[in-house]
Protein chains: 2
Amino acid sequence: MLHQETSQLTRPTAQKVAAIEAAAGQPQPLSAALSTAGMSIRYARNAEIYGEGEPVDNVYKVVSGAVRTYKLLSDGRRQIGEFHIAGDVFGLEVGSERQFTAEAIADAVVLVAKRSSLVALAVSDATLASELWTHTARELRRTQDHLLVLGRKRAQERVATFLLDMAGRGRSDIIVDLPMSRQDIADYLGLTIETVSRTLTRLEDDRAIEIPTSRRIVLRDKRALGHLNN
Amino acid sequence: MLHQETSQLTRPTAQKVAAIEAAAGQPQPLSAALSTAGMSIRYARNAEIYGEGEPVDNVYKVVSGAVRTYKLLSDGRRQIGEFHIAGDVFGLEVGSERQFTAEAIADAVVLVAKRSSLVALAVSDATLASELWTHTARELRRTQDHLLVLGRKRAQERVATFLLDMAGRGRSDIIVDLPMSRQDIADYLGLTIETVSRTLTRLEDDRAIEIPTSRRIVLRDKRALGHLNN
DNA sequence: CGCAGTCTTGACTGGCTTCAACGGAAGTGG
DNA sequence: CCACTTCCGTTGAAGCCAGTCAAGACTGCG
């Protein structure tokens with residue numbers, strides 16, 4: 001794995017902050033705290049943001065670009081736990097050690113705040129405290145849903161679930177622009193790159209999707225996909 | 001699925017409460033709150049404790065017996081998310097709807113408390129508040145570890161991981177007494193019952209474990225299992 | 001003792017992986 | 001701006017791990 005870490009620190013401008021909050025729908029204590037207390041850092045594609053086993057210092061929010069978190073087995077098999085896109089908070093952990101490695105998928109700008117600052121703020125701000133818990137709970141829910149995907153779904157169902165999920169997170173719910181490679185998708189879905197590719201082709205042949213470019217998927221028949229999604 | 005729900009309500013005796021706290025190692029706010037505020041309920045084997053989609057009212061703690069939580073696909077495929085044994089708190093969710101169904105694996109006694117009571121207590125008890133968050137975070141970590149198992153490990157590795165995990169939770173770290181059936185293990189590990197059975201036989205043939213009875217596994221060579229665990 | 005549920009084992013199948021080759025897009029340097 | 005290189009994605013062929021189907025053994029309970 002290649003870690004070409006070129007980072008560049010800047011104070012977030014008021015303009016940026018406003019844009020972020022607009023993107024989040026409404027100003028929230030956690031987002032607000034990150035925007036106020038945080039620095040903005042830029043990571044190059046494939047740069048490591050933090051590594052598994054490292055101490056947990058910071059909490060992050062994606063401003064632009066995308067981030068993957070993953071675990072490795074000793075022989076190199078990789079399981080991606082989550083993809084984080086613009087607006088997502090990630091790296092919020094309760095323990096002292098990182099459970100995942102986080103890397104930028106594409107060039108990414110993230111806001112960074114010290115976890116200790118957030119926790120300190122939470123003492124006097126009950127809303128923030130509850131939001132920290134809620135964020136962890138939401139992450140748990142997503143992970144639990146993913147368990148079902150990895151444990152019991154077939155390749156087609158996994159890909160369909162993935163596409164519908166991505167559609168629900170992007171700006172359009174029909175056109176999905178994928179920031180990640182086929183290999184990333186494979187490692188997220190517990191498949192191989194070949195199976196992901198073949199499955200997408202198959203879904204296109206079945207008129208469920210269109211693939212104008214490899215990184216863009218148009219959901220042509222969401223009902224069919226939803227049926228696969230169970 | 002059979003739901004023979006025979007439940008019996010009783011006030012927890014001081015004796016019981018003390019025993020539970022002793023089992024937990026040390027008195028903790030969450031446990032204490034459950035013990036104080038909670039009722040004790042008995043569920044028969046296979047009885048449903050709560051169902052997916054139901055409103056979240058209660059939080060539970062296993063006194064004796066064991067509990068499984070799971071999701072179903074429309075065609076009956078089942079993914080077990082977690083097994084809960086004596087001392088475990090379960091059913092603590094942040095949202096309004098249950099994400100899993102919970103059932104007693106064997107006859108089980110659980111303490112029950114209203115979530116609203118706990119949350120109310122947490123307002124004035126910062127330790128409890130932090131413990132609620134920590135509990136969710138710990139559950140998240142276990143689920144993330146399980147993701148790697150389901151996404152990237154082979155049958156042998158899955159079973160080895162499972163056995164080592166169970167050994168770490170029981171009273172003996174060598175003798176594992178399984179409260180659950182092979183089918184439950186299969187649905188937890190994303191395998192079939194036949195594969196679980198065959199894999200256990202294989203591990204016994206390889207002198208890594210012994211199977212004196214089908215529900216008791218003796219870990220004979222933890223290093224070998226650990227190697228499979230990666 | 002008989003029955004039902006659970007577990008094991010065998011034979012075969014199949015879905016996904018592995019191995020391999022190729023085509024195309026994107027980035028780089030001359 | 002084009003040739004070169006590298007990365008990425010697709011497709012094909014073959015193999016294998018786990019699933020499916022089936023039968024039988026074991027266990028506990030009425």
Side-chain angles (χ1 to χ4, degrees), chain A residues 1-2 4 6 44-46 68 73 75-79 105-107 149-160 162-163 176-205 209-217 228, chain B residues 1-2 4 44-46 68 73 75-79 105-107 149-160 162 176-205 209-217 228:
Chain A
M1 227 119 289
L2 206 103
Q4 238 185 351
T6 63
R45 184 174 137 83
N46 292 326
R68 63 178 165 247
L73 289 176
D75 63 355
R77 279 173 285 173
R78 184 176 70 158
Q79 179 60 48
I105 293 174
D107 291 5
V149 173
L150 297 185
R152 287 301 180 210
K153 290 193 181 177
R154 316 201 156 281
Q156 270 208 28
E157 298 168 330
R158 295 187 197 200
V159 172
F162 171 71
L163 290 176
V176 179
D177 283 307
L178 300 170
M180 74 292 284
S181 69
R182 295 288 188 268
Q183 185 62 63
D184 285 336
I185 300 173
D187 288 345
Y188 178 68
L189 296 179
L191 300 169
T192 61
I193 181 175
E194 294 94 333
T195 299
V196 170
S197 181
R198 272 188 259 268
T199 304
L200 286 170
T201 303
R202 169 88 193 282
L203 287 174
E204 189 175 34
D205 290 347
I209 62 173
E210 274 169 43
I211 315 179
T213 77
S214 70
R215 295 298 181 101
R216 166 167 290 186
I217 313 281
L228 282 174
Chain B
M1 230 120 287
L2 203 103
Q4 236 185 351
R45 185 176 136 82
N46 293 326
R68 61 178 167 248
L73 290 177
D75 63 356
R77 280 174 286 173
R78 183 178 69 158
Q79 179 61 46
I105 292 174
D107 292 6
V149 172
L150 296 185
R152 285 302 179 209
K153 290 193 183 180
R154 318 203 153 280
Q156 269 209 24
E157 299 167 331
R158 295 187 197 199
V159 172
F162 172 71
V176 179
D177 284 306
L178 301 169
M180 74 293 284
S181 70
R182 294 287 188 269
Q183 185 62 65
D184 285 336
I185 299 173
D187 288 346
Y188 178 67
L189 295 179
L191 299 169
T192 61
I193 182 173
E194 294 95 332
T195 297
V196 170
S197 183
R198 270 190 260 269
T199 303
L200 286 170
T201 303
R202 168 89 192 279
L203 288 174
E204 189 176 33
D205 290 346
I209 62 172
E210 274 168 43
I211 315 177
T213 74
S214 71
R215 294 296 181 102
R216 165 166 291 187
I217 313 280
L228 282 174

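Numbers restart at 1 for each chain; the letters A, B, ... are given by sequence-line order, proteins then strands.
Separating the CE atom of A/Met180 from the C1' atom of D/dC8 is a distance of 15 Å, rounded to the nearest angstrom. If you take CD1 of B/Ile185 and C1' of C/dT6, they are 12 Å apart, rounded to a whole angstrom. Taking atom CD1 of residue B/Ile193 and atom P of nucleotide D/dA22, one finds them 17 Å apart after rounding to whole Å. The CG atom of A/Leu178 sits 13 Å away from the C1' atom of D/dG9 (whole-angstrom rounding). When rounded to the nearest whole Å, the span between CD of A/Glu194 and C1' of D/dC16 equals 15 Å. The distance from atom CZ of A/Arg45 to atom P of D/dC7 is 10 Å, rounded to the nearest whole Å. A straight line from CD of A/Glu204 to C1' of D/dT10 spans 12 Å, rounded to a whole angstrom. If you measure from atom CG of A/Asp184 to atom P of D/dC7, you get 15 Å, rounded to the nearest angstrom.
Applying the 4.0 Å criterion to OP1 and OP2 of C/dT9, one finds that B/Thr201 has a side-chain N or O inside that range. The side chain of A/Thr195 places no N or O atom within less than 4.0 Å of a non-bridging phosphate oxygen (OP1 or OP2) of C/dC16. Within the structure, every side-chain polar atom (N or O) of A/Arg198 is placed at least 4.0 Å from both OP1 and OP2 of D/dA13. Contact annotation: A/Arg158 does not reach the phosphate of C/dC16 (side-chain N/O to OP1 or OP2, under 4.0 Å). At the phosphate of C/dT8, OP1 or OP2 sits under 4.0 Å from a side-chain N or O atom of B/Arg182. Taking only side-chain nitrogens and oxygens, B/Arg216 never comes nearer than 4.0 Å to OP1 or OP2 of C/dC7.
Atom CZ of B/Arg215 has more than 12 heavy atoms from other residues, nucleotides or ligands within 6.0 Å.
When all heavy atoms of A/Ala155 and A/Thr195 are compared, the closest pair comes out as CB-CG2, 3.8 Å.
Along DNA chain D, the nucleotide nearest to A/Ile211 and the one nearest to A/Arg152 differ in position, and the one closer to the 5' end is contacted by A/Ile211.
Note on B/Ser197: a base of the nucleic acid sits closer than 4.0 angstrom, heavy atoms only. If you check every strand for non-hydrogen atoms under 4.0 Å, A/Arg215 touches sugar and phosphate atoms only. B/Ser181 comes within 4.0 angstrom of sugar-phosphate atoms only, judged by non-hydrogen atoms across all strands, and of no base. Nucleic acid contact for A/Leu200: none, since no nucleic acid atom lies under 4.0 Å from a heavy atom of the residue.
Side-chain atoms of B/Gln79 come within 3.5 Å of backbone N or O of B/Asp187 as a donor-acceptor pair.
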Given side chain to side chain contact (heavy atoms under 4.5 Å, CB included), test B/Arg202 with B/Ile209 step by step and report yes or no. CA-CA 9 Å; B/Arg202 168 89 192 279; B/Ile209 62 172; over 6 Å; no
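Interatomic distance, A/Arg158 CZ to A/Ile185 CD1, rounded to the nearest 0.5 Å: 14.0 Å.
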